[in-house]
Asker: 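Handing you this structure, nothing more for now.
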There are 2 protein chains.
Amino acid sequence: MTASEKAYYSIHPKFHMAVDCIIFGFEDGELSLLLLKRNFEPAKGQWSLMGGFVEEGESVDDAARRVVGQLTGLTDLYMRQVRTYGDLDRDPGERVISSAYYALVDIKKYDHSLVQAHNAFWVKLPEVPHLIFDHDQMVQDALHFMQYQASVKPVGMNLLPEEFTLSQLQALYEAIFREEMDKRNFRKKIASMDYIEKTGNIDKTLSRKGAALYRFNPERFKEIGQFKI
Amino acid sequence: MTASEKAYYSIHPKFHMAVDCIIFGFEDGELSLLLLKRNFEPAKGQWSLMGGFVEEGESVDDAARRVVGQLTGLTDLYMRQVRTYGDLDRDPGERVISSAYYALVDIKKYDHSLVQAHNAFWVKLPEVPHLIFDHDQMVQDALHFMQYQASVKPVGMNLLPEEFTLSQLQALYEAIFREEMDKRNFRKKIASMDYIEKTGNIDKTLSRKGAALYRFNPERFKEIGQFKI
DNA sequence: TTAGTGAAGTGTTAAAATTACACTTTTTAA
DNA sequence: TTAAAAAGTGTAATTTTAACACTTCACTAA
């Protein structure tokens with residue numbers, strides 16, 4: 001790189017870059033968020049999203065994966081960038097630009113000890129408290145974006161165990177879109193999606209009769225490739 | 001701020017932060033992008049989006065507005081953040097994180113001398129050349145996002161003059177979604193949108209008969225608040 | 001043994017939205 | 001006066017979506 005090329009960059013300022021993660025779970029017919037009750041500064045004692053700074057040598061996407069992994073012990077989650085927040089005073093301590101990411105977690109599968117160590121808790125969406133900085137806005141934006149994605153792509157299943165009943169699936173979509181759905185119409189729609197397939201197993205935990213378990217088959221989805229709920 | 005609070009930030013690295021702008025126009029029934037044929041380093045001679053670094057004391061959103069303003073002379077454009085690109089080597093010169101924004105411009109209204117000074121050109125979407133870095137990806141993502149927004153919000157009109165004919169409007173949506181639409185069905189749909197109102201003026205430039213001119217009324221849209229095309 | 005419980009599972013009809021489709025009107029330039 | 005060229009207009013068929021209630025099953029407890 002020539003001197004002038006170097007100057008092209010170096011005359012411009014640099015910024016702290018962070019990621020904040022909106023971690024969605026699903027339990028008891030409600031979406032939940034995994035939130036920190038901060039036992040560290042800044043904003044100790046307040047509620048916030050799990051976040052962290054982008055470090056040298058990692059992409060912003062990787063930082064988000066790392067941060068979620070640090071809290072949940074989980075890798076390979078379904079994660080998407082929501083947007084980037086770059087207002088001057090969004091962090092009152094110092095200027096920090098932050099990219100928000102949402103993650104979808106099977107709430108049965110996270111590392112409890114890590115969550116406990118971070119003083120983090122699952123909070124049902126209607127009970128989410130006020131969060132620090134612009135995290136309330138991030139949650140709003142993430143929810144909307146997630147709702148949109150869930151309406152056009154079969155991503156909701158990432159919030160359920162690998163095998164799930166149709167009642168669970170319906171309850172999930174009712175929670176995501178905050179609207180009741182008709183059982184027969186819902187099941188008709190799912191039946192038309194050949195990539196949601198019966199596993200042959202039966203779940204007996206919720207009813208004497210037992211409910212057929214289904215799974216999402218990503219390969220078959222790739223062939224067909226359309227979803228709308 | 002205490003010393004420990006300061007350390008909380010300062011132990012972390014800082015990054016150059018840029019914005020890159022996908023500037024859409026509409027002409028001759030096609031979407032166009034305003035692109036730079038770079039007459040400066042780095043990547044001199046290649047095509048790129050208009051971009052710039054975020055400076056101290058300006059938000060990322062403001063940086064995007066400034067950068068589009070520098071090229072077009074226009075402020076108050078409809079602009080939305082697309083997403084942020086944070087891969088390690090996305091800029092081969094040095095690590096730069098960049099937020100992409102798209103802007104919708106009335107192609108009749110920009111400052112020609114500024115565009116000329118930047119060696120920028122309107123290029124019809126199907127003829128857009130390969131761009132530097134990850135700008136091809138940015139264009140893809142911006143187009144998809146813009147298409148989505150245009151399908152659920154009345155934002156397409158930002159690409160047209162204040163007053164427009166229904167033929168222009170239909171051609172615009174056909175260009176955005178790359179699909180032909182039925183004239184009668186289209187006009188039926190628009191007629192049901194009370195916030196797209198006849199101005200009483202007539203455009204005579206395209207036909208002997210003349211075509212009624214319409215305008216978008218944002219106040220009336222706010223009252224009604226739904227759009228789908 | 002059988003009656004009660006509680007979730008799982010299953011079709012049809014009405015209403016609404018979308019799509020397909022072709023001719024008439026208007027103006028002016030030749 | 002007529003040819004040209006875009007503007008403007010309505011109906012019927014199809015598809016999609018929404019509304020709606022009872023039966024089945026397997027177990028538990030009387």
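Note that the coordinates shown come from a computational prediction; the quantities given were computed from them, not determined experimentally. Within every chain, numbering begins at 1; the chains are lettered A, B, ... in the order of the sequence lines, protein sequences first and strands thereafter.
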Asker: Find the distance B:R187:CZ to C:dC23:C1' and express it as a whole number of Å.
Answerer: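 Nearest whole value for this atom pair: 15 Å.
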Asker: Just the rounded figure in Å: distance from P of D:dT17 to CD of A:E180.
Answerer: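 Rounded to whole Å, this separation is 20 Å.
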Asker: Without decimals, in angstroms, what is the distance between A:Q170 CD and C:dT10 C1'?
Answerer: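 Checked: the CD to C1' distance equals 14 Å.
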Asker: Between B:K228 (NZ) and C:dA16 (C1'), how many Å, whole number?
Answerer: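 So the NZ-C1' distance, B:K228 to C:dA16, works out to 12 Å.
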Asker: C:dA8 C1' sits how many Å from A:Y214 OH, rounded?
Answerer: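 After rounding, the gap between these two atoms is 10 Å.
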Asker: Looking at D:dA7, I'd like to know if its phosphate oxygens (OP1 or OP2) sit under 4.0 Å from a side-chain N or O belonging to B:S207.
Answerer: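 Result: no.
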Asker: For atom CD of B:E179, is the number of surrounding heavy atoms from other residues, nucleotides or ligands below 6.0 Å larger than 12?
Answerer: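 Yes - once you tally the heavy atoms of other residues, nucleotides and ligands closer than 6.0 Å, there are more than 12.
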Asker: So what does B:K189 touch, heavy atoms closer than 4.0 Å: a base, only the sugar-phosphate, or nothing?
Answerer: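 Counting heavy atoms under 4.0 Å across all strands, no contact is made by B:K189.
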Asker: Please state whether the phosphate of D:dA21, meaning OP1 or OP2, lies under 4.0 angstrom from any side-chain nitrogen or oxygen of A:R184.
Answerer: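 No, outside the criterion.
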Asker: Does this structure show an ion pair linking B:R90 with B:D87, if we count only N-O contacts that are shorter than 4.0 Å?
Answerer: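 Here B:R90 does not pair with B:D87 in a salt bridge, since their nearest N and O are not under 4.0 Å apart.
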Asker: Would you kindly check whether a donor in the side chain of A:K188 faces an acceptor in the base of C:dT12, or vice versa, at under 3.5 angstrom?
Answerer: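 Under the 3.5 Å cut-off, the side chain and the base do form a donor-acceptor pair.
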Asker: Between A:G210 and A:N185, which is nearer to the 5' end of DNA chain C once each is assigned its nearest nucleotide?
Answerer: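 Nearest nucleotide further toward 5': that of A:G210.
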Asker: Tell me if the CD atom of A:E180 is crowded by more than 12 foreign heavy atoms within 6.0 Å.
Answerer: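 Result for CD/A:E180: open.
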Asker: Please determine whether any donor N or O and acceptor N or O are separated by less than 3.5 Å between the side chain of A:K183 and the base of C:dG9.
Answerer: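 Present.
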Asker: For the CG atom on A:D76, are there more than 12 heavy atoms of other groups (residues, nucleotides or ligands in this structure) within a distance under 6.0 Å?
Answerer: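 Atom CG in A:D76 is not packed in, count stays at 12 or less.
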Asker: Quick one: which protein N/O atoms are closer than 3.5 Å to N/O atoms of nucleotides 28-30 of chain C? Pair and distance per line, please.
Answerer:
from, atom 1, to, atom 2, distance (Å)
C:dT28, O2, B:R208, NE, 3.3

Asker: Quick one: does B:L114's side chain get under 4.5 Å of B:Q70's, heavy atoms only?
Answerer: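 The answer is no; the side chains never approach within 4.5 Å.
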Asker: What integer distance in Å separates B:F186:CZ from D:dT9:P?
Answerer: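 B:F186 atom CZ is separated from D:dT9 atom P by 14 Å.
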Asker: Tell me if the centroids of the rings in B:F227 and B:F221 come within less than 6.0 Å of each other.
Answerer: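 B:F227 vs B:F221: aromatic centres not under 6.0 Å.
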Asker: Return the nearest nucleotide to the side chain of A:A212; candidates are C:dG9, D:dC20, C:dA20.
Answerer: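 For A:A212, the side-chain atoms sit closest to C:dG9.
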Asker: In whole Å, I'd like the distance from the CG atom of A:L206 to the P atom of D:dC27.
Answerer: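 Checked: the CG to P distance equals 15 Å.
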Asker: Round to a whole Å and report the spacing from CD1 of B:I190 to C1' of D:dG8.
Answerer: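 Taking atom C1' of D:dG8 as the reference, CD1 of B:I190 is at 15 Å.
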Asker: Classify the side chain of A:K209 and the base of D:dA26 as holding, or not holding, a donor-acceptor pair under 3.5 Å.
Answerer: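 Between D:dA26 and A:K209, which were checked side chain against base, a qualifying N/O pair under 3.5 Å is absent.
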Asker: With respect to the side chain of A:D182, which nucleotide from D:dG10, C:dT18, D:dC20 is positioned closest?
Answerer: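 Looking only at heavy atoms from C-beta outward on A:D182, the closest nucleotide is D:dC20.
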Asker: Please identify which of these residues, B:V105, B:L31, B:I107, meets the side-chain contact (heavy atoms from CB on, under 4.5 Å) condition with B:L159.
Answerer: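 Exactly one pass, corresponding to B:L31.
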Asker: Can you tell me which residue among B:V60, B:D62, B:L49 is in a side-chain contact (heavy atoms from CB on, under 4.5 Å) with B:V19?
Answerer: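 Exactly one candidate clears the test, B:V60.
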Asker: So what does A:T165 hit on the nucleic acid, given a heavy-atom distance under 4.0 Å: a base, only sugar-phosphate, or nothing?
Answerer: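 Nothing, no nucleic acid heavy atom in range.
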